[in-house]
Amino acid sequence: MLDLRRLRQDPAAVRESLARRMDLHALEQVDRVIELDARRRTMVAEVEALQAERNLQSDEVARRKRAKESADDLLGPLKESGERVRVLEADLRDVESMLEGHLLNVPNTILPDVPEGGVAHNVVVRNWGTPREFAFTPRPHWELGQALGLFDLPRGTKLTGSGFPLFTGMGARLVRGLASFMLDLHTTEHGYTEVQPPYLVNRASLTGTGQLPKFEEDLYHASVDDLFLIPTSEVPLTNMYRDEILDGAMLPITLTAYTPCFRREAGAHGKDTRGLIRVHQFDKVELVRLVRPEESTREHALLTGHAEAVLQRLEIPYRVLALAAGDTGFASACTFDLEVWAPGVDNWLEASSASTFEDFQARRANIRFRPTPGAKPEFVHTLNASGVAFPRTIIALLENGQQADGSVVLPAALVPYVGTDRLVPLA
RNA sequence: GGCGUGGUGGCAGAGCGGUUGAAUGCACCGGUCUUGAAAACCGGCGGGCCCGUGAGGGUCUCGUGAGUUCGAAUCUCACCCACGCCGCCA
């Protein structure tokens, strides 16, 4: 949520920043917000002036009653002005709810360093690792997975539908190993606190992080209880501190969680339907940081490094993309994507997205802190990154590690967790 | 699912329908004292919004929303949440 005062003070700067998203709708929303904000302030002044007058008269009634004097002459006018206040307040509430409705649909502003343009203008800021030279044509992960008995996608489809992968045997073991490996890395070496959160969350939580109200169609909904399956553990982790005022000494708060993620992927039908590239349910280890505003740029780099460390330990070649303004997510002010190299499908696949939201989520979720004891509360800055998403990591492990004999060599870091250095085809 | 109890400021915990934004204690901030610290003492101390360059002023807020009333933390209704017991179940 944007800061109304900032919008009021310098609407041109906000509009300019939003324009970089190349989202005309956002600009229209902002204009509505500016208009409603002005209306709201006029109405507030009016209601409050009337209330102030009423309060004085009401105090006079109280004073006279205490002095055992008659106050009957004041009661009539007070009753009447009470009705007027009631009406004005109802109008005010209407305007305020419209204002909030529009404001919640305005995306975050973009940071100055973010590249201009749309998806095509994302910038590769660095590469890590060197894609292997293959003496044979590398096979796609779905062939490898089937040959190695790691997953059974047709049966997963039978259980639920397409996009709900079923891992089996060493595949299931690999998933479990990856979870332990990543959590161990982040908790022992990067200092995160491990969390095991609920997988269903309420509307307030999803509004806090920005998935609602705009992206409801992307979420699985348990309608009887009006709860939603989490699309990422960013939602429960960030919302842990919703409506709180934190002690500045607690910051930065750094959290990690291993959870499944559920995404309807509405509008993505027919895209990347093969294998594990795009699925409705996947596991992910998430990293969330709540930090002091002045730290957020540095924290963003640190966070990105934590996600990169996972891929480095797994010896997976990857590249870091600075997303262009037009490709940056609704709530994000700046995002770096980590894309792993997948030789079998001959493509780079997003395995992590590291974003800084500045105070956008903190305003929605009302997460504040006191810079020093006794000081006025300020909004924290929130950041998060996948550290990292499983399916595409598994794709990269399989496709990069595959050997001519059909086996897959695992990176050394994973051996203690999976119990073998090599996955071999079923007999 | 049934019955019961309760939701007040960072925490604990008072609160007759009218100088109560809310006693008191703790915590916290500033000060006195001290070589320093502790203790003691003095003072301050919720949050949002609006107006104001500022000092400051106004308004709202005692789970949420409606209602009664000139006036509600205090009365009524609905909802939400927490806790306890029973039932069911991992």
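Letters A, B, ... are given to chains in the order of the sequence lines, protein chains preceding strands, and every chain is numbered from 1.
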Spell out, as yes or no, whether a donor-acceptor pair under 3.5 Å connects the side chain of A/H280 to the backbone of A/R264.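 Flag set: sc A/H280 to bb A/R264 pair under 3.5 Å.
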Is a side-chain donor or acceptor of A/R370 paired with a backbone partner of A/I245 at a separation under 3.5 angstrom?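 Looks like no, no N/O pair under 3.5 Å.
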Starting from the C-alpha separation in whole Å, work towards a yes-or-no answer on side chain to side chain contact (heavy atoms under 4.5 Å, CB included) for A/V235 and A/T232. CA-CA 6 Å; A/V235 179; A/T232 158; 4.2 Å; yes
Quote, to the nearest angstrom, the [atom1] distance that separates [N] from [M].
N	M	atom1	answer
B/U61	B/A66	P	11 Å
B/G63	B/A73	C1'	12 Å
B/U76	B/G18	P	16 Å
B/A12	B/G87	P	32 Å
B/G4	B/U59	P	42 Å
B/G21	B/A38	P	36 Å
B/G2	B/A72	P	34 Å
B/G46	B/A27	C1'	14 Å

Rounded distance in Å - [atom1] ([X]) to [atom2] ([N]):
X	N	atom1	atom2	value
A/N366	B/G10	CG	P	12 Å
A/E244	B/C11	CD	C1'	13 Å
A/E83	B/G71	CD	C1'	14 Å
A/D59	B/G17	CG	P	19 Å

Matching residue for A/F390 among A/V175, A/L397, A/V279 - test: side chain to side chain contact (heavy atoms under 4.5 Å, CB included): A/V175
Can you name the one residue among A/L206, A/L229, A/V201 that meets side chain to side chain contact (heavy atoms under 4.5 Å, CB included) with A/L219? A/L206
Could you walk me through whether A/V285 and A/H186 satisfy the side chain to side chain contact (heavy atoms under 4.5 Å, CB included) test, starting with their C-alpha distance in whole Å, then the side-chain angles of each, then the deciding distance to 0.1 Å, before giving a yes or no? CA-CA 9 Å; A/V285 167; A/H186 294 312; 3.8 Å; yes
How long is the straight-line distance from CD of A/E46 back to CD of A/Q51, given to the nearest 0.5 Å? 12.5 Å
Min side-chain heavy-atom separation A/R368-A/Y241 under 4.5 Å: no
Who is the Watson-Crick or G-U wobble partner of [N], with both distances under 3.5 Å?
N	result
B/G36	none
B/G17	none
B/C3	B/G84
B/C45	none

At under 4.0 Å, does any side-chain N or O of A/R86 touch on OP1 or OP2 of B/U68? yes
Measuring to OP1 and OP2 of B/G71, would you say a side-chain N or O of A/R54 lies under 4.0 angstrom away?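 For B/G71, OP1 or OP2 has a side-chain N or O of A/R54 closer than 4.0 Å.
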Which letter, B, S or -, goes with each nucleotide of nucleotides 46-64 of chain B from 5' to 3', with contact meaning a protein heavy atom under 4.0 Å? -SSBBS------BSS----
